[in-house]
**Q** 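Got a structure here, written out as structure tokens. Questions coming.
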Amino acid sequence: MVSGRTGPPERSPRRLGQNFLADPNLLDAIVREAALSQSDVVLEVGGGGGALTERLAPAVRWLHVIEIDERLRDELEPLAEEVGGIDLVWGDAMRIELAALAPAPTKVVANLPYGIAAGALLRTVEQLSGVELWVVMVQREVGERLAAKPSGPYKGAYGTPSVL
């Protein structure tokens, strides 16, 4: 790891729905659950301050990081340069042509921004047919929508994300 980055929460505007992970145990758990190997190509949506990025990059063949907040360049660019194997894509994950990422992602591992969590997941399902595993951190409401069934505890949240 480069520096034990936790990201700069004070620079995160609410309009982007950003919440940076700071707990190293949680970050390590996400990486562990992703069961990464040197043959994996990972997509991380929302690189933030690089705390998850710096754990993912050394464990995989290639890492695509999509980040919309240009103010995080000072955090992510030095990390990408130092670690290598990182493709920083500056822009909106809801507009970028995910199928154009090369090499094509095989896993999605991310702390998804609240405002785009369900949409970003749906876009990866639709555009990235080679993805075999998603390990994402989402807010409780989004998780309930994803886990909802036509009947049961979250039936009020049942919808397109639940079906997919």
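Computed from heavy atoms alone, side chains included, the values below leave out hydrogens, waters and symmetry copies.
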**Q** Checking W134 now: which residues fulfil side-chain hydrogen bond (donor to acceptor under 3.5 Å, both in side chains) with it, not counting sequence neighbours?
**A**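 Only T124 meet the side-chain hydrogen bond (donor to acceptor under 3.5 Å, both in side chains) criterion with W134.
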**Q** Does any pair with a residue in residues 110-122 pass salt bridge (Lys or Arg N to Asp or Glu O under 4.0 Å), and if so which ones, sequence neighbours excluded?
**A**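 Passing the test, one end in residues 110-122: no pairs.
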**Q** Under the criterion side chain to side chain contact (heavy atoms under 4.5 Å, CB included), I'd like the reasoning laid out for L63 against V83: C-alpha separation, chi angles, the key distance, then a yes or no.
**A** CA-CA 11 Å; L63 175 63; V83 175; over 6 Å; no
**Q** Using the side-chain contact (heavy atoms from CB on, under 4.5 Å) criterion, which residues pair with A59? Sequence neighbours excluded.
**A**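 Once residues adjacent in sequence are excluded, the partners of A59 under the side-chain contact (heavy atoms from CB on, under 4.5 Å) criterion are L36.
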**Q** Of all residues at least two apart in sequence or in a different chain, which pass the side-chain contact (heavy atoms from CB on, under 4.5 Å) check with E33?
**A**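 Counting only residues at least two positions away or on another chain, E33 forms a side-chain contact (heavy atoms from CB on, under 4.5 Å) with V135.
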**Q** Treat each ILVMFWY residue as a node, draw an edge where side-chain heavy atoms are under 4.5 Å apart, and state whether I116 and V89 are in one component.
**A**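 As far as the 4.5 Å side-chain criterion goes, V89 and I116 are connected within one cluster.
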**Q** With hydrophobic residues grouped by side-chain heavy-atom distances under 4.5 Å, do W62 and V42 end up in a single group?
**A**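 Not linked; separate clusters.
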**Q** So, using salt bridge (Lys or Arg N to Asp or Glu O under 4.0 Å) as the criterion, who are the partners of D87 when residues are at least two apart?
**A**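 Applying salt bridge (Lys or Arg N to Asp or Glu O under 4.0 Å) to D87 gives none.
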**Q** Could I get the full list of salt bridge (Lys or Arg N to Asp or Glu O under 4.0 Å) partners for E70, not counting sequence neighbours?
**A**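 Once residues adjacent in sequence are excluded, the partners of E70 under the salt bridge (Lys or Arg N to Asp or Glu O under 4.0 Å) criterion are R73.
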**Q** With the side chain counted from C-beta on, respond yes when E67 and L88 share a heavy-atom pair under 4.5 Å apart, and no when they do not.
**A**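 Side chain of E67 against side chain of L88, heavy atoms only: no contact under 4.5 Å found.
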**Q** Could you walk me through whether L76 and I86 pass side chain to side chain contact (heavy atoms under 4.5 Å, CB included), step by step?
**A** CA-CA 10 Å; L76 292 173; I86 299 175; over 6 Å; no
**Q** With side chains defined as the heavy atoms from C-beta onward, is the minimum distance between L52 and V31 less than 4.5 Å?
**A**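 With C-beta onward as the side chain, the pair touches.
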**Q** Are I30 and L56 connected into the same hydrophobic cluster when the rule is that any two of I, L, V, M, F, W, Y join if their side-chain heavy atoms are below 4.5 Å apart?
**A**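 Shared cluster, yes.
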**Q** Which residue pairs pass the side chain to side chain donor-acceptor pair (under 3.5 Å) test when at least one of the two sits in residues 88-98, sequence neighbours left out?
**A**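 Passing the test, one end in residues 88-98: D92-R95.
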**Q** If the condition is side-chain hydrogen bond (donor to acceptor under 3.5 Å, both in side chains), which residues does S39 pass it with, not counting sequence neighbours?
**A**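 Testing S39 for side-chain hydrogen bond (donor to acceptor under 3.5 Å, both in side chains), a comparison that skips the adjacent residues, returns S37.
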**Q** Which atoms form the tightest heavy-atom contact between A117 and V138, and what is the distance?
**A**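 Nearest pair, atom of A117 first, then V138: CB-CG1, 4.0 Å.
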**Q** If I take atom CD1 from residue I96 and atom CD1 from residue I66, how far apart are they, to the nearest 0.5 angstrom?
**A**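 That separation rounds to 4.5 Å.
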**Q** If every non-hydrogen atom of L27 is compared with every non-hydrogen atom of A51, which pair is closest and at what distance?
**A**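 Here L27 and A51 meet closest at CD1-CB, 3.8 Å.
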**Q** Of all the heavy-atom pairs spanning A57 and G84, show the shortest one and how long it is.
**A**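 Heavy-atom minimum between the residues: CB-O, 4.4 Å.
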**Q** Is there a path of hydrophobic side-chain contacts, each under 4.5 Å between heavy atoms of I, L, V, M, F, W or Y residues, that connects L128 with V136?
**A**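 Hydrophobic grouping puts L128 with V136.
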**Q** Quick one: side chains of residues 100-109, donor-acceptor pairs under 3.5 Å with protein atoms, not counting sequence neighbours, listed by atom name and distance.
**A**
| from | atom 1 | to | atom 2 | distance (Å) |
| --- | --- | --- | --- | --- |
| T106 | OG1 | V41 | N | 3.1 |
| T106 | OG1 | V41 | O | 3.2 |
| K107 | NZ | A34 | O | 2.7 |
| K107 | NZ | A35 | O | 2.7 |
| K107 | NZ | D40 | OD2 | 3.1 |

**Q** Just how far is it from atom CD of E54 to atom CD of E75, taken to the nearest 0.5 Å?
**A**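 If I round to the nearest 0.5 Å, the distance is 10.5 Å.
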**Q** Among residues two or more places apart or on two chains, list those pairs meeting salt bridge (Lys or Arg N to Asp or Glu O under 4.0 Å) that have a residue in residues 118-136.
**A**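 Residue pairs with at least one partner in residues 118-136: there are none.
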**Q** Is it the case that atom CD in E81 sees more than 12 heavy atoms from other parts of the structure closer than 6.0 Å?
**A**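 Not buried by this count: 12 neighbours or fewer within 6.0 Å.
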